[in-house]
Amino acid sequence: MRTTITRAKKIRGEVQLPGDKSISHRLALLGAVAEGKTIINNFATSQDCQSTLSCLRLLGIPIEITHETGVSIGGKGLEGLTASKEALDAGNSGSTIRMLSGILSGQSFVTRISGDDSLCRRPMKRIITPLTQMGAKIHAREANFPPLSIEGGPLQAIQYTLPVASAQVKSAILLAGLFAEGETELIEPCATRNHTELALKEFGGEVNVHANVISLKGRQRIHGIHTEVPGDISSAAFFIVAATLLSHSEIILQGVGLNPGRRTIVDLLQKMGASIETLEQWHRAGEPVGDLRIRSAALKGGKISGEQIPQVIDEIPILAVLATQTHEGLEIRDAEELRIKESDRIKSLVENLRALGATVEEFKDGMFVAGRQSLQGSLINSYGDHRIAMAFAIAGLLAQGETVIEGSECAAVSFPNFFEMLSQLTVW
Ligand code: S3P
């Protein structure tokens with residue numbers, strides 16, 4: 001599908017974002033292995049989270065959609081999953097395949113799990129290595145790529161230093177750790193999103209975190225909960241940037257998740273000069289949540305690198321678009337992980353920014369996007385990557401003429417009503 005976007009005057013209005021994708025995956029996975037029913041409101045509408053639910057259904061977990069965004073999960077405890085007759089399909093979702101593999105490693109049966117073409121090109125060795133050390137037997141194409149065949153069994157806790165800063169890998173090991181004998185201990189090279197740790201506590205589990213060391217006792221029983229998912233800050237980022245860059249804009253985003261490991265996009269933009277106010281703050285699912293008011297502002301630009309990168313990894317596509325409108329431009333470094341996301345995001349960003357007439361320098365681990373550029377509408381290749389499609393839709397609001405997003409339907413992977421909400425907020 002192609003979507004055409006034209007230059008906008010401003011955005012204004014008040015919206016509530018769909019539930020956070022990362023948190024929804026974790027609540028569903030933990031709900032499945034908890035004892036008793038879990039009820040989740042504002043569950044993410046994203047296709048990725050629907051993939052997690054369909055995999056869990058095939059593993060014998062009763063799941064009901066109670067209303068538009070309400071999900072009820074009949075938890076079966078640590079020993080309750082049953083073998084699936086067919087292969088599980090994780091679709092486009094790295095979180096589903098990696099985190100679920102942690103749970104599948106602790107089962108007494110074999111599971112095959114695969115996904116779409118993009119997922120089948122993403123590396124799995126990062127989970128295969130630790131899960132194999134714990135006792136699972138995992139076969140993968142070229143020992144690295146899906147489809148995976150996971151022969152679970154009795155697991156032993158491990159002490160493991162993560163070679164890459166990845167919340168998906170950390171979570172896969174913690175979930176396997178729930179099934180293991182002994183205490184699993186993980187050392188992170190730098191902080192990544194801690195939704196699994198927080199969710200485990202919500203379900204009554206015990207997780208200890210001391211600086212960058214996380215430990216979890218195995219064979220803990222966890223219990224079903226009634227909870228609500230905060231709005232997705234990574235989805236909010238597209239509107240935060242649009243409101244900041246289009247003059248005379250003012251929007252209110254209700255109930256946005258403000259987890260310290262995810263709100264870095266807000267902190268970073270504020271440091272560059274953005275006007276983002278937190279109007280009210282509360283807690284949901286053990287996570288901080290707030291209403292944000294964003295008004296247009298001029299931005300300085302700068303550099304993001306090192307330990308900041310895992311904190312804004314999903315926001316880099318929209319940050320690269322934003323960079324074109326800053327005073328000094330933006331340098332992004334230490335972000336080679338972008339090359340193995342839903343697309344090679346460094347390549348997708350550089351090519352599409354250049355198509356809009358922007359000056360960009362590509363590095364192995366990032367890019368430099370020059371500031372104060374005027375963009376010229378063009379044909380954008382989404383590369384089937386949801387965050388590329390949405391980031392360039394925002395670029396289209398800033399560009400002269402028409403911007404056409406090829407493959408725009410992929411936005412549904414994380415944000416099915418993105419284009420609807422965008423037209424609701426935009427004044428053309
Ligand atoms: C996620 C972690 C990040 C992120 C992904 C969601 C999560 O991936 O890019 O969109 O929910 O844990 P990595 O763990 O590969 O960094």
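No experiment lies behind these values; they were computed from the predicted model shown. We count ligands from 1, going down the list as the structure has it; atoms in each ligand are counted the same way.
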>> Suppose I only count heavy atoms of Ile313 and a 4.0 Å limit; which atoms of ligand 1 are within that range?
In response: 9 (O)
> With a 4.0 Å heavy-atom cut-off (strictly under), which part of His25 contacts ligand 1: side chain, backbone, both or neither?
Replying inline: neither
> Considering Arg262, Arg26, His195, which one's heavy-atom position lies nearest to atom 12 (O) of ligand 1?
Replying inline: Arg26
> Quick one: nearest non-hydrogen protein atom to atom 10 (O) of ligand 1, plus distance?
Replying inline: Asp314 OD2, 2.9 Å
> After noting the C-alpha distance and the side-chain angles of Glu35 and Arg221, does the key distance pass the salt bridge (Lys or Arg N to Asp or Glu O under 4.0 Å) rule?
Replying inline: CA-CA 7 Å; Glu35 290 176 14; Arg221 299 157 92 82; 3.4 Å; yes
> Short N/O distance, under 3.5 Å, between Ala167 and ligand 1?
Replying inline: yes
>> If you take the nearest heavy atom of each of Gln168, Arg126, His386, Arg387, which one is closest to atom 6 (C) of ligand 1?
In response: Gln168
>> Under the salt bridge (charged side-chain N to carboxylate O under 4.0 Å, His left out) test against Asp232, which residue among Arg262, Lys21, Arg387 passes?
In response: Arg262
>> Suppose we measure from atom 16 (O) of ligand 1 to each protein heavy atom; which comes out shortest, and what is that distance?
In response: Lys341 NZ, 3.5 Å
> With a 4.0 Å cut-off on heavy atoms, does Ser95 reach ligand 1?
Replying inline: yes
> Quick one: nearest non-hydrogen protein atom to atom 14 (O) of ligand 1, plus distance?
Replying inline: Ser166 OG, 2.6 Å
> Are side-chain N/O atoms of Arg126 and Ser166 paired as donor and acceptor at under 3.5 Å?
Replying inline: no
> Arg98 and Ser171: side-chain donor and acceptor closer than 3.5 Å?
Replying inline: no
>> Once you measure the plane-to-plane angle for Phe415 and Phe239, does it fall in the parallel (<30°), tilted (30-60°) or perpendicular (>60°) bin?
In response: perpendicular
> Heavy atom under 4.0 Å from ligand 1: found in Arg98's side chain, backbone, both, or neither?
Replying inline: side chain
> Numbering the atoms of ligand 1 from 1, which are under 4.0 Å from a heavy atom of Ser22?
Replying inline: 6 (C), 7 (C), 11 (O)
>> Run the side-chain contact (heavy atoms from CB on, under 4.5 Å) test on Val71 and Ile65 for me, step by step, so that the C-alpha distance in whole Å, both residues' side-chain angles and the decisive distance to 0.1 Å come before the verdict.
In response: CA-CA 5 Å; Val71 178; Ile65 307 301; 4.1 Å; yes
> So, are Arg345 and Asp385 salt-bridged, with charged N and O less than 4.0 Å apart?
Replying inline: yes
> Side chains of Asn92 and Leu119: does their closest heavy-atom pair fall under 4.5 Å?
Replying inline: no
